[in-house]
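Notes follow the structure.
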Amino acid sequence: MSASPNDARRVRTRVAPSPTGDPHVGTAYVALVNYCFAKQHGGDFLLRIEDTDQARSTPESEQAILAALRWTGLSWDEGPDVGGPHGPYRQSERSKIYKRYADELLEKGHAFRCFCTPERLDAMRAAQRAAGTQQKYDGLCAGIGAEESARRAAAGEPYVVRMKIPATGVCVVNDVARGPVPFDYSSVDMQVLLKSDGLPTYHLANVVDDHLMEITHVIRGEEWMSSAPKHLLLYEYFGWEPPVLMHLPLLRNPDKSKLSKRKNPTGILFYQRMGYLPEALLNFLGLLLAPAPEGQEIFGVDDLTKRLDLAKISLGGPVFDVAKLDWLNGQYLRAISTEELLERTLAWGFDRARVARIASLAKSRVERLSDLVPSTAYLFAGCVAVTKESFAGTKLPVDEIRKALALAMWRLDAERTFDMAAVERVLKGVGETLGVKFRDLSRVYYVAMTGSATALPLFDSMELLGRDIVRERLRVALEALGGVTAKEQKEWGHS
RNA sequence: GGCGCCAUAGUCUAUCGGUUAGGACGCCGCCCUUUCAAGGCGGAGAGACGGGUUCGACCCCCGUUGGCGCUACCA
């Protein structure tokens, strides 16, 4: 099909995750299409880290994303870890480049310095909201003359750089699967390109990097569709040829809302820890990208690479159906030899160091070797059975238990590194917030983590279980007790 | 609220104006079987609604409804 702005150009695609949290299955999904499309055309697939948000990006998250993506089996031709001719591949290391291009836009008159304070912008939006009109920058600073603008900037007044948008006219975004999608320029905001910290926003960095890295096809999530006019305009301002655009539907929760960890496990590493095979996960995601030939639902990345057709990707947001993933994984498990099954199981959760640590923790609690497996089974299980009744032995009222579970879940999410120390700090902190002795509180977590009140030490167990399994068990326990209402979520201090 | 995307069974999908609307997961039943699985066979189950266009609409157009996204000095 369609798909190249210039047939002479080598096809190059990329996946550009932001290291602001756990590696997300959506990232694997986007990576998979980009990989297959590039390979289908004998091109390159690159990985770029979009860490321009200094406040939220962490090196831990970047490492986790790289590791998770590597686990899937996908590989990239260029990236922060493997290098390449268009580096650096980490946006935080490219600030000077963006600054230069922002200056170019300023000089050409396609952008302007905006000195508005956050307070003024808030007030402006509040007024717009109250008036029921469209919320966007009112253009106050667009009229500031070049000399005054330069003078104020030189005087050290803080500012951001915003792009100019034509007052009238229409921008037609040509989406591979959707065809032309028109946007009135009047509905496009004068987007901030360079923040007051001197770093670019996604919009600028993304366009500059895609051009410099010679990306020919941008295949990304649907959440970017409404920003496409801005991006296209930037290519125009710079005089660059824009890439072919394709927006993928977003993965959904069973209730059709956008896949979120509040309602579902979304972490790639969760699926790894649950014991899914990466081939099965990729196969599952591939099923959402290319219709299976009649009855042939089991296929690998190579086959998907042959059959992928961007224009035919189904556009309805697909529900991430774990039951189907389970079936697929079972098919893969049955297809490999018993020998390989053993190897993979050992590699998955029975490496010597892990088993040794578990054994040493269990030692003082067992009297027979036959006690070992039953007493540590919860560390190897995916989910544990927890019901309302499981919490009967705790001394806290049910609302307190729910709050304890919710706070632990949210605060643990906010921890950069997930280890014993972090777990201890968070759980004891919850005890203080609730005003209960940790001794009385701990049982709640033992139950949520193990399904019973007897287990190996809690903090060790949680570290051993890992962030993703822990969150899921907390979530399941919370659901078993009725979940959290929106009101409580607000009252308990979580946005 | 504004702008945009989307709409076939519970879920993932096929159909590119003419089909008894096909397949897969899940569910139910039967077979196999020392149990349970696995496997085999079978079954129930779908075009959101209302208007057009057409000899003929799931398919094309308009509207309604619903879902989703964006609406940040986050990506």
Side-chain angles (χ1 to χ4, degrees), chain A residues 16-21 24 26-27 49-57 61 91 113-118 121-122 125 128-137 158-162 171 173 175 177-179 181-206 220-230 247-259 283-298 311-331 333-335:
Chain A
S18 180
T20 53
H24 196 278
T27 304
I49 295 294
E50 308 237 341
D51 56 350
T52 55
D53 184 343
Q54 291 292 74
R56 298 196 309 151
S57 299
S61 173
Q91 293 186 327
R113 292 190 188 83
C114 174
F115 300 93
C116 293
T117 61
L121 295 175
D122 284 345
R125 289 193 193 99
Q128 288 168 340
R129 205 168 22 249
T133 58
Q134 186 180 173
Q135 290 181 50
K136 61 171 189 174
Y137 183 61
Y159 66 89
V160 300
V161 175
R162 287 180 187 274
C171 174
V173 175
D175 185 274
R178 287 163 241 262
V181 180
F183 288 86
D184 277 330
Y185 277 128
S186 63
S187 72
V188 180
D189 199 2
M190 293 177 226
Q191 186 63 50
V192 170
L193 299 177
L194 212 58
K195 300 176 273 188
S196 54
D197 63 3
L199 290 178
T201 57
Y202 169 85
H203 308 281
L204 210 220
N206 164 262
R220 78 238 284 195
E222 198 176 12
E223 74 263 42
W224 295 110
M225 182 128 62
S226 32
S227 325
K230 297 167 192 167
H247 294 92
L248 298 166
L250 267 16
L251 267 23
R252 309 286 182 89
N253 293 313
D255 67 1
K256 293 280 188 179
S257 57
K258 175 174 152 179
L259 194 63
N283 191 154
F284 173 73
L285 294 172
L287 243 15
L288 308 178
L289 294 167
E294 297 285 275
Q296 282 299 310
E297 306 235 327
I298 311 289
K312 283 192 174 173
I313 292 178
S314 184
L315 299 177
V319 169
F320 193 96
D321 183 7
V322 180
K324 180 103 180 207
L325 210 210
D326 287 341
W327 172 78
L328 263 175
N329 204 56
Q331 295 295 312
L333 253 21
R334 257 158 247 140

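All of these numbers come straight from a predicted model, not from anything done at the bench. Within every chain, numbering begins at 1; the chains are lettered A, B, ... in the order of the sequence lines, protein sequences first and strands thereafter.
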Subject >> Span that lies between the C1' atom of U15(B) and that of C58(B), in whole angstrom >> reply: 8 Å
Original post:
Which value, in whole Å, describes the distance between the C1' atoms of nucleotides A46(B) and C3(B)?
Top reply: 32 Å
Original post:
Under 4.0 Å between a side-chain N/O of Arg334(A) and OP1 or OP2 of G39(B), yes or no?
Top reply: yes
**OP:** Give one of base, sugar-phosphate or nothing for Gln91(A), where a contact means two heavy atoms less than 4.0 Å apart.
**Re:** nothing
**OP:** Could you tell me which nucleotide pairs with C16(B) by Watson-Crick or G-U wobble geometry, both distances under 3.5 Å, or answer none if nothing does?
**Re:** none
Subject >> Distance-only donor-acceptor test (3.5 Å): side chain Ser226(A), base C70(B) >> reply: no
Original post:
With respect to the phosphate group of C12(B), does any side-chain polar atom (N or O) of Lys256(A) fall under 4.0 Å of OP1 or OP2?
Top reply: yes
**OP:** Name the nucleic acid region contacted by Cys171(A), choosing base, sugar-phosphate or nothing; use a 4.0 angstrom heavy-atom cut-off, strictly under.
**Re:** nothing
Subject >> Residue matched to A57(B) through Watson-Crick or wobble contacts both under 3.5 angstrom >> reply: none
Original post:
Counting just side-chain N and O atoms, does Arg125(A) come under 4.0 Å of either OP1 or OP2 of C73(B)?
Top reply: yes
Subject >> N or O in side chain of Ser57(A) less than 4.0 angstrom from A75(B) OP1/OP2 >> reply: no
Original post:
Which listed nucleotide (U13(B), A75(B), C73(B)) is nearest to the side chain of Tyr202(A)?
Top reply: A75(B)
Original post:
What nucleotide, of G69(B), C5(B), A75(B), holds the atom closest to the side chain of Lys258(A)?
Top reply: G69(B)
**OP:** Return the nearest nucleotide to the side chain of Ser18(A); candidates are C6(B), A75(B), C25(B).
**Re:** A75(B)
**OP:** Provide the Watson-Crick or G-U wobble partner of A44(B), both distances under 3.5 Å; none if there is no partner.
**Re:** none
**OP:** Run the salt-bridge test on Asp321(A) and Lys324(A) with the 4.0 Å N-O cut-off and return the result as yes or no.
**Re:** no
Original post:
Between Glu223(A) and Lys258(A), is there a side-chain N and carboxylate O pair less than 4.0 Å apart?
Top reply: no
**OP:** Look at the side-chain N and O atoms of Arg252(A) and state whether any lies under 4.0 Å from the OP1 or OP2 oxygen of G67(B).
**Re:** no
Subject >> Span that lies between the C1' atom of A48(B) and that of U54(B), in whole angstrom >> reply: 23 Å
Original post:
Out of A14(B), C25(B), C74(B), which has the shortest distance to the side chain of Lys324(A)?
Top reply: C25(B)
**OP:** For Thr20(A), report the nucleic acid contact type (base, sugar-phosphate, nothing); a contact means any heavy atom under 4.0 Å.
**Re:** nothing
Subject >> Whole-Å P distance, U13(B) and U71(B) >> reply: 25 Å
**OP:** Have a look at Glu297(A) and say if it touches a base, only the backbone sugar-phosphate, or nothing, with a 4.0 Å heavy-atom cut-off.
**Re:** base
Original post:
Taking a pair as Watson-Crick or G-U wobble with both distances under 3.5 Å, which nucleotide is matched to A24(B)?
Top reply: U11(B)
Original post:
If you measure only the distance, is there a donor-acceptor pair under 3.5 Å linking the side chains of Ser257(A) and Asp255(A)?
Top reply: yes
**OP:** Would you mind classifying the nucleic acid contact of Val181(A) as base, sugar-phosphate or nothing, using non-hydrogen atoms under 4.0 angstrom?
**Re:** sugar-phosphate
Original post:
Across all strands, who's sitting opposite A37(B) as a Watson-Crick or G-U wobble pair, both distances under 3.5 Å?
Top reply: none
**OP:** Rounded to whole angstrom, note down the C1' distance from G50(B) over to G66(B).
**Re:** 15 Å
Original post:
When the P atoms of G39(B) and A75(B) are considered, how many whole Å apart are they?
Top reply: 47 Å
Original post:
Is the shortest side-chain N/O distance from Lys195(A) to OP1 or OP2 of C74(B) below 4.0 Å?
Top reply: yes
Original post:
With a non-hydrogen cut-off below 4.0 angstrom, is Ala323(A) in contact with a base, only sugar-phosphate, or nothing?
Top reply: sugar-phosphate
Subject >> Side-chain N or O of Gln331(A) closer than 4.0 Å to phosphate OP1/OP2 of G39(B) >> reply: yes
Original post:
Of the nucleotides G2(B), G69(B), U13(B), which has the atom closest to the Leu250(A) side chain?
Top reply: G69(B)
**OP:** Using both distances under 3.5 Å as the test, list the Watson-Crick or G-U wobble partner of C68(B), or none.
**Re:** G4(B)
Original post:
Is Phe183(A) touching bases, backbone alone, or none of the nucleic acid, heavy atoms closer than 4.0 Å?
Top reply: sugar-phosphate
Original post:
In whole Å, what separates the C1' atom of C16(B) from that of G69(B)?
Top reply: 27 Å
Original post:
Hey, does the side chain of Arg56(A) come within less than 4.0 Å of A75(B)'s phosphate (OP1/OP2), counting only N and O?
Top reply: no
**OP:** Scan Pro229(A) against the nucleic acid and name what it touches under 4.0 Å (heavy atoms): base, sugar-phosphate only, or nothing.
**Re:** nothing
Original post:
Which listed nucleotide (C73(B), A75(B), G1(B)) is nearest to the side chain of Gln135(A)?
Top reply: G1(B)
Original post:
Where the side chain of Pro291(A) is concerned, which of A14(B), A75(B), C68(B) is the nearest nucleotide?
Top reply: A14(B)
Original post:
Testing Ser61(A), Ser57(A), Ser18(A) for side chain to side chain contact (heavy atoms under 4.5 Å, CB included) with Asp51(A), which one passes?
Top reply: Ser57(A)
**OP:** Can you figure out which of C12(B), C6(B), C73(B) approaches the side chain of Arg178(A) most closely?
**Re:** C6(B)
Original post:
Between Arg252(A) (side chain) and Gly316(A) (backbone), is there a donor-acceptor pair under 3.5 Å?
Top reply: no
**OP:** Specify whether Phe320(A) and Phe284(A) have parallel, tilted or perpendicular ring planes, treating 30° as the upper limit for parallel and 60° as the lower limit for perpendicular.
**Re:** perpendicular
Subject >> Base partner of C32(B), which must satisfy Watson-Crick or wobble distances under 3.5 Å >> reply: none
